[in-house]
Structures are given as C-alpha cells and as structure tokens.
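Notes to accompany the following structure.
Read the numbers this way: they start at 1 and go in the same order the structure lists the ligands and their atoms.
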Amino acid sequence: MLQGKTAIVTGSTSGIGLGIAKALAEQGANIVLNGFGDTAPALAELGAITDRHGARVAYNGADMTRPDEIVAMVKEAEREFGAVDVLVNNAGIQHVAQVEDFPPERWDAIIAINLSSAFHSLRAALPGMKARGYGRVINVASAHGLVASPLKSAYVAAKHGLVGLTKSVALECATTPVTVNAICPGWVLTPLVQKQIDARAAANGTPVAEEAIKLLGEKQPSLQFTTPEELGALAVFLCSPAAQNVRGVAWAVDGGWTAQ
Ligand code: NAD
C-alpha cells in the first residue's frame with residue numbers, strides 16, 4: 001500500500017517508533033530512521049524488510065531538541081527520496097517528579113522533544129505533502145494526552161499540547177489530502193516504561209514482575225500492555241485510503257484506561 005512512498009519516524013531506534021517503522025516498511029515504504037543509541041539493530045531489522053519490498057532505509061540522527069536539525073532531516077529526506085509522505089512524530093522522553101522538584105532543564109527537554117519537535121517537522125513537511133496530494137501525519141501522544149497522572153506535569157502538558165496541535169493542524173488541512181491524527185497508547189512495555197517499573201520496584205523493594213502487574217492494575221483495565229505491533233497496525237490503517245476522512249482524532253489504544 002505504501003510502495004514508492006517515504007515515511008519519517010522520529011525516535012524509531014527503539015520501542016513504539018521501531019514498531020511503527022517496521023509496520024510501514026512492511027507496506028513497502030522507504031523509511032527514515034531517527035533516534036539515539038545503537039542504531040545498528042534497528043537498521044538491520046528495517047533493512048531486511050525494505051530489501052524484500054525494493055525500498056530503502058536511511059538513518060538521520062537529528063536531535064529533536066534542535067529545530068534546525070529537524071528541518072534539515074525533512075529536507076534531506078525530500079532530496080534523497082523525493083518526498084516525505086508519512087510523518088510519524090514519535091520521539092519522546094519522560095521524567096517523574098513533583099512539580100516543585102522538577103528540574104527546569106528536564107521540563108524544557110520534555111516540551112521540546114515531546115511537543116515542539118512535532119511543530120517543527122510539520123512546518124517543514126506539510127508544504128510538500130500538500131503539493132504532491134498525499135500526506136499522513138501521525139503524532140504519538142499518550143493516554144496522558146487525554147487524562148493526567150501525578151508526578152508527570154511536563155509529560156502530561158506536552159502530550160495534551162500534542163493532541164491540541166493535532167486537532168488544530170487537522171482543521172487547517174481539512175480540505176486537503178493531508179490528514180493529521182494522534183495515537184494515544186496506554187502502557188507499552190518499552191525502555192521508557194521499563195525504567196519507571198525498575199524505579200518503582202527499587203523504591204518499594206518489590207520484584208520487577210510484580211511491579212509491572214501493579215502498574216497495569218492502577219490504570220489499564222485490560223491488564224495487558226499495548227504492543228508496538230498493535231500501534232504499527234493502527235498507523236498503517238491511518239495511512240490507508242479508508243482513513244482519508246479520519247481527521248484530528250486522538251485514538252486511544254489503552255486497554256480502557258481513558259474509558260474510566
Ligand atoms: P523509547 O524510550 O523506547 O523510545 C524513544 C525514542 O525516542 C528512542 O528512539 C530515542 O532514541 C528517541 N529520542 C529520545 N530523545 C530524542 C531526541 N532528542 N532526538 C531524537 N530522538 C530522541 O520510548 P517509547 O516508549 O517507544 O516511546 C515512544 C513514544 O511513545 C514517546 O513519545 C512516548 O511518550 C510515547 N508513549 C509511550 C508509552 C509507553 O507506555 N511506552 C505510552 C504512551 C505514549
């Protein structure tokens with residue numbers, strides 16, 4: 001379905017971003033991989049998929065706190081592949097603390113990576129999408145884009161902001177072939193969440209496995225983690241012709257978290 005198309009997935013060296021990148025690659029898209037850490041495993045996994053489909057994967061190490069690098073990544077993808085057809089704003093970080101103890105530099109980083117980066121990439125990618133007559137923007141928000149939890153003021157503010165940005169730009173694009181939507185996962189067992197489970201287990205003196213079940217029990221009625229594969233399948237649907245009139249939604253995949 002995405003043969004000949006190109007997708008940028010920010011923060012795709014790991015977790016949800018990698019899951020979405022793999023699902024889009026399985027549809028034949030070229031992939032621009034982005035994110036920190038060891039890029040080799042993600043590049044190898046994605047390369048194996050793109051090879052099967054006659055597509056390509058390229059790595060761009062743009063730092064999502066740097067507007068100039070974000071814009072350069074979009075321009076570079078347009079130069080190399082001819083277009084950016086799908087933009088998945090997924091990169092994100094977390095920090096957990098009471099607001100009065102929250103380090104201001106952590107606040108700034110969370111707002112920059114989890115929210116402002118989507119503004120910068122959207123600005124750069126939208127004109128090309130409109131000109132070419134196809135575009136899909138998928139912002140990876142969170143259940144925390146819809147409801148709050150304590151100790152996560154910056155994350156909740158950024159994710160609520162990302163849902164707001166999604167709705168506003170979806171309306172601006174409503175009569176164009178570009179759709180803009182958000183995905184709002186509940187708990188997904190990625191490094192971002194594993195760190196929180198490990199910290200809770202250390203603080204409470206409980207086994208890590210027990211703490212994972214407790215974490216789910218507090219928020220996620222299904223008592224199951226959402227998976228990167230499930231989120232990848234939703235991203236594929238949002239890129240499909242059937243989703244052309246899905247605009248400005250914040251689609252929860254949260255095991256019932258925000259239904260309560
Ligand atoms: P993760 O830690 O596994 O992956 C985060 C990715 O972002 C990595 O590739 C990392 O290198 C990249 N990244 C971090 N800082 C960056 C920067 N400055 N520039 C470029 N890339 C950067 O986390 P994840 O759980 O896969 O999270 C992905 C997204 O999903 C985040 O936006 C997160 O808020 C959101 N989310 C996660 C969950 C969950 O339960 N895991 C739930 C809801 C929403």
Side-chain angles (χ1 to χ4, degrees), residues 8-23 31-43 45-46 59-74 88-96 105-106 108-118 120-121 138-149 152 154-163 165-166 182-198 200 212 215-216 218-220 222 224-232 234-235 250-255 257-258:
I8 293 180
V9 186
T10 71
S12 47
T13 49
S14 159
I16 294 169
L18 182 56
I20 292 177
K22 282 160 63 178
I31 303 292
V32 177
L33 177 78
N34 162 261
F36 297 156
D38 184 3
T39 56
L43 272 173
E45 268 195 273
L46 280 165
Y59 174 70
N60 187 298
D63 179 343
M64 292 300 115
T65 65
R66 299 283 309 271
D68 54 336
E69 294 186 17
I70 297 167
V71 172
M73 175 176 65
V74 172
V88 182
N89 290 307
N90 166 79
I93 58 167
Q94 176 64 284
H95 186 84
V96 179
E105 61 281 6
R106 285 287 85 199
D108 287 344
I110 289 176
I111 299 298
I113 297 168
N114 298 24
L115 173 58
S116 302
S117 69
H120 297 297
S121 62
I138 300 170
N139 294 323
V140 179
S142 167
H144 283 120
L146 303 169
V147 296
S149 297
K152 296 186 175 176
Y155 188 85
V156 169
K159 295 299 189 181
H160 274 66
L162 188 58
V163 169
L165 173 70
T166 301
I183 293 178
C184 297
W187 293 123
V188 185
L189 195 52
T190 65
L192 182 139
V193 165
Q194 190 64 51
K195 268 186 231 152
Q196 295 174 60
I197 295 172
D198 292 347
R200 286 170 49 134
L215 187 92
L216 286 170
E218 285 166 14
K219 300 284 186 187
Q220 199 142 304
S222 66
Q224 291 174 45
F225 287 103
T226 298
T227 66
E229 291 73 22
E230 289 162 356
L231 299 171
L234 176 55
W251 194 321
V253 191
D254 64 2
W257 178 330
T258 55

Q | Atom of Leu162, atom of Ala118 and distance for their closest heavy-atom approach | A | CD1-CB, 3.6 Å

**Q.** Those protein residues which place at least one heavy atom below 4.0 Å from ligand 1
**A.** Gly11, Ser12, Thr13, Ser14, Gly15, Ile16, Asn34, Gly35, Phe36, Ala62, Asp63, Met64, Asn90, Ala91, Gly92, Ile93, Ile113, Val140, Ala141, Ser142, Tyr155, Lys159, Pro185, Gly186, Trp187, Val188, Thr190, Pro191, Leu192, Val193

Q) For Arg106, does the CZ atom have more than 12 heavy-atom neighbours from other residues, nucleotides or ligands under 6.0 Å away? A) no

Q | Minimum heavy-atom distance Ala250-Cys184, with the two atoms named | A | CB-SG, 3.8 Å

Q. When rounded to the nearest 0.5 angstrom, what is the spacing between CG in Leu234 and CH2 in Trp251?
A. 5.5 Å

Q: Would you check if Phe36 and Asp63 make a side-chain contact, meaning some heavy-atom pair closer than 4.5 Å?
A: yes

Contacts table for residues 139-147: side-chain donor-acceptor under 3.5 angstrom, sequence neighbours left out:
from: Asn139; atom 1: OD1; to: Asn89; atom 2: ND2; distance (Å): 2.8
from: Asn139; atom 1: ND2; to: Thr166; atom 2: OG1; distance (Å): 3.0
from: Ser142; atom 1: OG; to: His144; atom 2: N; distance (Å): 2.8
from: His144; atom 1: NE2; to: Ser149; atom 2: OG; distance (Å): 2.6

